[in-house]
Amino acid sequence: MIIFKHTNDISNYLFFSEASGKTTGFVPTMGALHSGHISLIEKARVECDVVISSIFVNPTQFNDPADFEKYPISIEKDIDLLEKAGCNVLFIPSVTEMYPEGLAAQKHYELGFIETVLDGAYRPGHFQGVCRVVEKLLHIVHPHQLFLGQKDYQQCMVIRKLVESMGIKTQIVICPTLRDADGLAMSSRNIRLNEEARRKAPLMYQTLSSIRQIIKPGDLSELKKQAIDHLTAGGFTVDYIEIADATTLSLIQYWDGHTALVVMVAAFINNVRLIDNLIL
Ligand code: AMP
């Protein structure tokens, strides 16, 4: 695996080396890697000749500075995991390398409704920051395919919109959420759960699974209320649990029984914010 820290070096390598002319798959990450990330690398290996990953904890997508400060970092272990998984090229830029213009300078992305709903409402500016870094990374790497996790469902929709609106030719591949044996979606943030919180955390997936089992056409408000009560009783502080149209993310109050749905949740357990979703 070749590691690059500078934009020009990785661009030149991908353009002029033996990597050029081959199909490339890109897996951007913020590090603290787990098997969920590695499943994206493995999928990219199957689909593409050259697999490129990046590790960059992107400051512009953290609306809460404390969350940024506490973001776990395990670079040596990450490099080892990527190497073992067969990643060919790794990009680890610094903040100044990615943002030579400074962090304050802002370009605004027109994302419409998907930016203001769900996580967009609770994390103002978050998806603008995601677009800012992903646009830069895509212009550096120019991958044929971009591999993203369904775990970040709304992020996938935002990036799809970004790619379409900028006329970027990269194909987006959305990969299933990897879970621990008890159902908890793997996340870099899980490292921050203490023993008690880790024990309680699978309730999030259990709640989503119950919704999938019992949902019926009609008014969904009672179902959502019960889900919030259930999570709250189990020790969570809920930001939202919502059922939405799986293609547009419009929130659904009355279900016609036909529209494809996704149930989305964000909640804190012991000050750690977890998100998850299930297609119903
Ligand atoms: P992050 O490092 O959290 O920015 O995640 C990097 C990529 O890995 C994103 O596309 C995530 O959606 C994806 N990812 C994170 N957790 C999982 C998981 N449990 N299963 C599959 N993909 C994941």
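Both ligands and their constituent atoms are indexed starting at 1 by order of listing.
In this structure, ligand 1 sits under 4.0 Å from heavy atoms belonging to P28, T29, M30, H34, G36, H37, L40, Y71, L148, G149, K151, D152, P176, T177, L178, M186.
In terms of heavy-atom proximity, N194 sits nearest to A197 at OD1-N, 2.8 Å. Of all heavy-atom pairs between K22 and H144, the closest is O-CE1, 3.2 Å.
The only option from I243, L118, D245 that meets the side-chain contact (heavy atoms from CB on, under 4.5 Å) definition with L251 turns out to be L118.
A heavy-atom distance below 4.5 Å is not found between the side chains of K70 and F62.
Not counting sequence neighbours, F56 has no partner by the ring-ring contact (aromatic ring centres under 6.0 Å, His included) test.
When only modelled atom types and interatomic distance are considered, E115 and Y109 share no side-chain donor-acceptor pair under 3.5 Å.
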